[in-house]
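For reference, the structure is listed below as structure tokens.
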Amino acid sequence: WDTIKEFVLGCAISYFNDFLKRRFFLTKVSQMSPGSGDVNVWPVQQQKQLFSLLGDVKSMIGVELTSSCLMIPNKTVSGIKFPTEIDFRSCQVCRRENCPSRNALFDEHLWNLAQNTDG
């Protein structure tokens with residue numbers, strides 16, 4: 001079941017990305033989620049603030065946030081999507097080498113930029 005859920009989630013993400021590109025005439029779309037990248041890039045605890053921006057997510061779409069900031073049902077994703085001119089993946093600002101979801105190499109330069117809040 002887990003594999004099927006991951007496949008369906010991947011299809012939904014791909015469909016949504018294609019929709020955004022067509023609707024807003026974008027060439028590239030990137031995303032970030034609370035908990036993606038190193039812990040101090042976007043802490044998973046900020047999932048609470050993200051959910052608060054959206055209102056009553058549970059009654060709107062049936063997604064619930066646990067006290068540890070995990071989402072129910074599992075295989076649910078949240079975050080922000082944004083247009084970009086370069087390829088960006090949150091894995092580029094994550095030092096976890098053995099992550100099973102890694103889809104890009106760590107980029108020391110980008111990680112240093114993410115750590116420096118002064119720009």
Side-chain angles (χ1 to χ4, degrees):
W1 289 116
D2 199 54
T3 302
I4 292 170
K5 288 191 274 185
E6 282 190 36
F7 177 77
V8 171
L9 176 61
C11 290
I13 291 169
S14 180
Y15 178 85
F16 187 58
N17 286 340
D18 290 343
F19 168 80
L20 289 175
K21 288 176 184 177
R22 284 191 317 272
R23 173 70 173 87
F24 298 104
F25 307 103
L26 305 173
T27 54
K28 292 185 182 182
V29 177
S30 287
Q31 65 189 35
M32 285 203 68
S33 302
S36 63
D38 278 358
V39 67
N40 47 347
V41 173
W42 193 358
V44 72
Q45 293 79 6
Q46 289 186 353
Q47 188 86 280
K48 294 174 187 173
Q49 287 89 338
L50 184 60
F51 268 56
S52 72
L53 293 172
L54 303 173
D56 187 0
V57 177
K58 186 174 182 178
S59 67
M60 287 190 297
I61 60 171
V63 175
E64 182 177 357
L65 191 62
T66 68
S67 60
S68 62
C69 299
L70 298 176
M71 292 176 282
I72 298 173
N74 70 341
K75 303 305 179 210
T76 301
V77 294
S78 68
I80 58 170
K81 291 195 174 277
F82 51 92
T84 182
E85 294 179 7
I86 62 167
D87 286 324
F88 171 78
R89 302 192 184 240
S90 57
C91 293
Q92 293 173 272
V93 290
C94 181
R95 291 183 182 266
R96 288 177 280 168
E97 292 180 14
N98 296 323
C99 178
S101 300
R102 179 169 288 286
N103 58 23
L105 295 174
F106 174 72
D107 184 321
E108 184 83 31
H109 176 70
L110 284 178
W111 188 86
N112 287 331
L113 288 174
Q115 302 309 301
N116 182 1
T117 58
D118 296 331

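Other residues, nucleotides and ligands contribute at most 12 non-hydrogen atoms within 6.0 Å of the CZ atom of R23. Heavy atoms of other residues, nucleotides or ligands lying less than 6.0 angstrom from CZ of F82 number more than 12. In this structure, L53 places its CG atom where more than 12 heavy-atom neighbours from other residues, nucleotides or ligands lie under 6.0 Å away.
In this structure, the side chains of D2 and N74 come closer than 4.5 Å at one or more pairs of heavy atoms. Between V29 and F24, every side-chain heavy-atom pair lies at or beyond the 4.5 Å cut-off. In this structure, S90 and Q31 have side chains that are not in contact, with every pair of non-hydrogen atoms separated by 4.5 Å or more. With contacts defined as side-chain heavy-atom distances shorter than 4.5 Å, the pair F16/V77 does not qualify.
The two residues L26 and P83 make their nearest non-hydrogen contact at CD2-CB, 3.7 Å. When all heavy atoms of C91 and R102 are compared, the pair lying nearest together is O-NH1, 3.0 Å. For the residue pair T27 and K21, the shortest heavy atom distance occurs at O-CE, 3.7 Å.
Expressed to the nearest 0.5 Å, how far CD of Q49 lies from CG of L54 amounts to 12.0 Å.
Partners of Q47 according to the side chain to side chain donor-acceptor pair (under 3.5 Å) rule, which considers only residues two or more places apart in sequence or in another chain, are S78. For D107, there are no side chain to side chain donor-acceptor pair (under 3.5 Å) partners at least two apart in sequence or on another chain. Here R96 pairs with nothing under the salt bridge (Lys or Arg N to Asp or Glu O under 4.0 Å) rule; sequence neighbours left out.
Sorted by first then second residue, the salt bridge (charged side-chain N to carboxylate O under 4.0 Å, His left out) pairs that include residues 4-16, not counting sequence neighbours, are E6-K75. Applying the salt bridge (charged side-chain N to carboxylate O under 4.0 Å, His left out) rule to pairs touching residues 80-93 yields K28-D87, sequence neighbours excluded. Identified under the side chain to side chain donor-acceptor pair (under 3.5 Å) test for residues 52-70, with sequence neighbours left out: D56-S59, K58-E64, T66-S68.
Note: the hydrophobic cluster containing L65 also contains M60 (ILVMFWY, side chain heavy atoms under 4.5 Å, direct or indirect links). Note on I80 and L113: same hydrophobic cluster, where clusters join Ile, Leu, Val, Met, Phe, Trp and Tyr whose side-chain heavy atoms are under 4.5 Å apart, directly or indirectly. At a threshold of 4.5 Å between side-chain heavy atoms, the hydrophobic network of Ile, Leu, Val, Met, Phe, Trp and Tyr places M71 and I61 in one connected group. Under a hydrophobic clustering in which Ile, Leu, Val, Met, Phe, Trp and Tyr are joined whenever their side-chain heavy atoms come within less than 4.5 Å, directly or via other members, W42 and L110 fall into the same cluster. F51 and I72 are not part of a single hydrophobic cluster, where members link through side-chain heavy atoms under 4.5 Å apart.
The backbone N or O of F106 lies less than 3.5 Å from no partner atom in the side chain of R95, so there is not a single donor-acceptor pair. Listed for the S30 side chain is no donor-acceptor partner under 3.5 Å among the backbone atoms of T84.
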